[in-house]
Amino acid sequence: MYQKRSFHLEQKNMETYLGLDLGGTKLLIGEMDNSGNILRYKKYDSGYFNQQSALQIIKKSLDDYIQTVGWTNSKPLGMGIGLIGRVDPVNGIWLQIDPKRTQPIHLAQELSNIYEIPCYIDNDVKAATRAERHFGFGRISQNFIYINVGTGIAAGFVVNGKQIRGSHFNAGEVGHTKVGVNIGIQCGCGRMDCVELIASGSGFDQCARLLSKKYKTKLQIPTNEEERIQVKDVYALSQKGDPLCAVLVDNAAQALANLIMNLVRVSDPDTVVLGGGIVSDGYLHTKILEKLNATTVRFVTNGVVITKLNPDFIGLMGAGAVAMQV
Ligand SMILES: [Zn+2]
């Protein structure tokens, strides 16, 4: 009897979830326990894809993962996927990557059938917000905004403990708002100078190309426009007083500070959490804090902070949170 019980307990401790974080160019697959500890993972190159080819990429990579990495214990209890674009998490439908790539597919059902593991999906930033809600600042806050500043910019709003999704699962696409920094760049969304064009990874690249005509720089700007400038190089040169890089950093910090102050006025959070490759090293964060107006952020009592979750794995943890359905 005693033996049986301890066996049962051990089994319970070994319950795991599978997460898949599909970014713009890579797919990260990993298994974690219900506290968000990553037990095993493997990274795959995805290349440019549409929704149909993404399904093939996921299947091929997951088959490889099962064969070469394998389960920690037994089959995970659930599988969660973070995807770019619009996702209906209730019906498991991946609606759209962007307006040019719209082929709705019942991804959750397809993968559940193939792997015989319950599968759930969500948008990547909404998934990261779930990770923050369950494993991060959500433990001390019921009203926070998670802002992801990576290749693009988007936010997850948690209000009174609930995540905002909107009428078409499109809430939080705050990258397409103007923030008072005027460069003169046309955005694909139809407007000018969206914050994403100034302070995201792709924004730094576009601004560098445009403003390099006006400011001297030692920054390497690839002639091939498919190849991006390195934002870490911009930060390093900016510290040495490089004229172009100093302007790029100042514009990005001002744009993000204005975005944060605008959003604080919208949902009255007590915490603003920043994540993503552009802010995770803390360099831009210090400059953003200098530009925040004390009155505007007076109720943000926990501060404007960088996520404490590992920036390399927050997307994967988010996918795991989707698998756990939290
Ligand atoms: Zn836009």
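Bear in mind the structure is a predicted one, so any value in this text is a computation, not a measurement. When a ligand or atom number is given, it counts from 1 through the structure's own listing order.
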Original post:
Between the side chains of Y44 and D64, does any donor sit under 3.5 Å from an acceptor?
Top reply: yes

**OP:** Please list, chain by chain and in numerical order, all residues satisfying salt bridge (charged side-chain N to carboxylate O under 4.0 Å, His left out) with D124, sequence neighbours excluded.
**Re:** none

Subject >> No-hydrogen, no-angle side-chain donor-acceptor test under 3.5 Å, S141 and D270 >> reply: yes

**OP:** Output every pair passing ring pair (Phe, Tyr, Trp, His ring centres under 6.0 Å) with a member in residues 268-324, not counting sequence neighbours, ordered by first then second residue.
**Re:** Y41-F313, Y235-Y283

Subject >> Residue-atom pairs from the protein, N, O or S only, that lie under 2.8 Å from the Zn ion (ligand 1) >> reply: H176 ND1, C187 SG, C189 SG, C194 SG

**OP:** Report the residues that fulfil ring pair (Phe, Tyr, Trp, His ring centres under 6.0 Å) with F137, sequence neighbours left out, ordered by chain and then residue number.
**Re:** none

Subject >> Over 12 non-hydrogen atoms of neighbours within 6.0 angstrom of CD in Q67 >> reply: no

